[in-house]
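Below is one structure, written out as structure tokens; the observations come after it.
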Amino acid sequence: MAPVNQPKDKKHERAHERWPEEAKSAGKRKPDYEELGNEPQAKRLFVRKTSKPPEKIGRSGGGSMVRNNRVLFHQLDRQCSIVHYVYQNMLGGSIRAQLRQCLQLPFLRSLASYRLFRTASPFDRRVTCLEWHPTHPSTVAVGSKGGDIILWDYEVLTKTCFIKGKGPGDSLGDIKFSPYEAVKLYVASGDGTLSLQDLEGRAVQVISRAPDCGHELILCSLGLMLCCCFFCWYCSVDVSASCRAVVTGDNVGNVVLLSTSGEEIWKLKLHRKKVTHVEFNSRCEWLLATASVDQTVKIWDLRNIKNKMNFLHVLPHDKPVNAAYFSPTDGAKLLSTDQRSEIRVYSSSDWTKPQHLIPHPHRQFQHLTPIKATWHPRYDLIVAGRYPDPKFPGYTVNELRTVDLNKFNPMGDTLASGMGFNILIWSREEMVAKKQEHLLKAMTEQGIGSWSLSRRGGQRQANPGTSKLKANLLSWELEEMRTKSNDSKSQGRKRKGKDLEN
DNA sequence: ACAATATGGCCCC
DNA sequence: TGGGGCCCCTATTG
């Protein structure tokens, strides 16, 4: 039972010899992604443009900006004239793609000014999944390794809904809002169930149990509280409004298609190992993607799935795959993240090879939430969490802590992150300042001592490492508050800020 | 300070 | 194909 620790020297030796060739060669390649923002680590964002390799054009203020080339910049500036678009539109031309391209540049620039808006640490285990509310712009649902779910409106001081999980073994693999009732969540849990959780009424409806999940029978027949033997559990879910269907994948390679109310349509073993991700294509209702630890992503025609071999396409990877997301803008691209150092972008025009292969450190570790690169909802951009690796080309010693999960909201102007036990909300500086001011006002009115949501009510933690982090996050917020207070010359607020710090 | 815990993935028998 | 042991090397709690 006790973990066996190898001597350090052997460990390092192994790590070195195990570093994959592709990463070494990747080191020679020009970095294919751009880094926005600056220290501290938690404030850095990595965004990739899925077009041409970028060229670094210098640093300003707190972050570095990269763009393709000067010529493109100039062309875009010219093309970005509204008159140009109106004219094109009048001629009957499609301006959508161009307009998007044009708006992408200012958006990229704005990323340099992203700041932490709020943080929350409501769980007793780490964050495992995160979903934005489909219609409410400032609400996120986050799930934890202990089965807890929080629905959090971060623009309101204390507007949260918390559903307690079962603790060990109830790790939430994935959550999805119901497309019909936004107060309901489909939840894939490590306890072997797929359920529909009502966030208002708190009712849970178990809509499916993973095959061979016989632990309850064992408990009943023996009449003892033996250790739970879970053979199977669900790891991923997706819901299709147009198909009125739910897909889920389990830890041994099965994929199950269900009606939204839970009637099983089929259950097939489509992968050799754990199905880490399942997703319907938003533009093509019969198209399904599945990603697996068996190192493949498979694209399926839902109207014709018989066995693990009759996929439309297989996308072989060099390592297990954590996720494969279709692009939200047109559904024509697929973004995959492996368990070592690759992010790939495939295009539906040619599934045989990746369109882009991005070297990026995010290796698998048992006690870290698997990193999954996600799309920006409107632009041809992706965000990815990072697990700094001393062996990865370009590693610097001050890379301290990592962000595991990252998702932009449907509007595309706010980013929610999962970082260990913490949930972070990022937005543009001016937006943050305005909203924090608003929160501060509410705080003083209600006499609330802290707006950093924590399961300990904002108290300092016993562990020095954690409290340092929390204090940093809090003090950063306070620092912002003080700056604001100075601007608006409110002595009372200054005092309040100081009090909060203690 | 130190040990235990956590349900990830691979290899080998 | 299944299970035990090992390795990846974090963060929290008692």
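Hydrogens, waters and symmetry mates are skipped; everything else that's a heavy atom, side chains included, is used. Lettering of chains follows the sequences in order, A, B, ..., and the numbering in each one begins at 1.
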- Quick one: which of B:dG9, B:dA6, C:dT10 gets closest to the side chain of A:Lys274? B:dG9
- Message: Tell me every residue that passes ring pair (Phe, Tyr, Trp, His ring centres under 6.0 Å) with A:Trp351, counting only those two or more places apart in sequence or in another chain.
- Response: A:His313
- Note on the structure: From the candidates B:dG9, B:dA6, B:dT7, the one with an atom nearest any side-chain atom of A:Pro320 is B:dG9
- Task: May I ask you to test the A:Val383-A:Phe408 pair for a side-chain heavy-atom distance under 4.5 Å?
- Result: yes
- Query: According to a strict under-4.0 Å criterion, is A:Gln366 in side-chain N/O contact with OP1 or OP2 of C:dC9?
  - Reply: no
- Message: I'd like the C1' distance from B:dT7 over to C:dC7, given in whole Å.
- Response: 16 Å
- Item | Residue pairs passing the salt bridge (Lys or Arg N to Asp or Glu O under 4.0 Å) test where at least one lies in residues 138-161 of chain A, sequence neighbours excluded | A:Asp148-A:Lys164, A:Asp153-A:Lys159, A:Glu155-A:Lys435
- Note on the structure: Under the rule of Watson-Crick or G-U wobble with both distances under 3.5 Å, where | means paired to another strand and [ ] a crossing pair, DNA chain C maps to .||||||..|||||
- List in chain and number order the residues that pass ring pair (Phe, Tyr, Trp, His ring centres under 6.0 Å) with A:Phe365, two or more places apart in sequence or in another chain; answer none if no residue qualifies. A:His367
- Task: Using the C1' atoms only, state how far C:dT13 lies from B:dA1, rounded to an integer number of Å.
- Result: 13 Å
- Message: Using atom P in both nucleotides, what's the gap between B:dC2 and C:dC8 to the nearest angstrom?
- Response: 23 Å
- Message: For the P atoms, the ones on B:dT5 and on C:dC9, what distance do you get once it is rounded to whole angstrom?
- Response: 22 Å
- Query: Does the side chain of A:Lys273 get closer than 4.0 angstrom to OP1 or OP2 of B:dC10 through an N or O atom?
  - Reply: yes
- Those residues at least two apart in sequence (or on a different chain) that pass side-chain hydrogen bond (donor to acceptor under 3.5 Å, both in side chains) with A:Ser327 are A:Asp330
- Item | Short side-chain N/O contact to C:dC9 OP1/OP2 from A:Arg363, under 4.0 Å | yes
- Message: Is there, by distance only and without an angle test, a donor paired with an acceptor across the side chain of A:Gln364 and the base of C:dC8 below 3.5 Å?
- Response: no
- Who passes side-chain hydrogen bond (donor to acceptor under 3.5 Å, both in side chains) against A:Thr139, sequence neighbours left out? A:His136
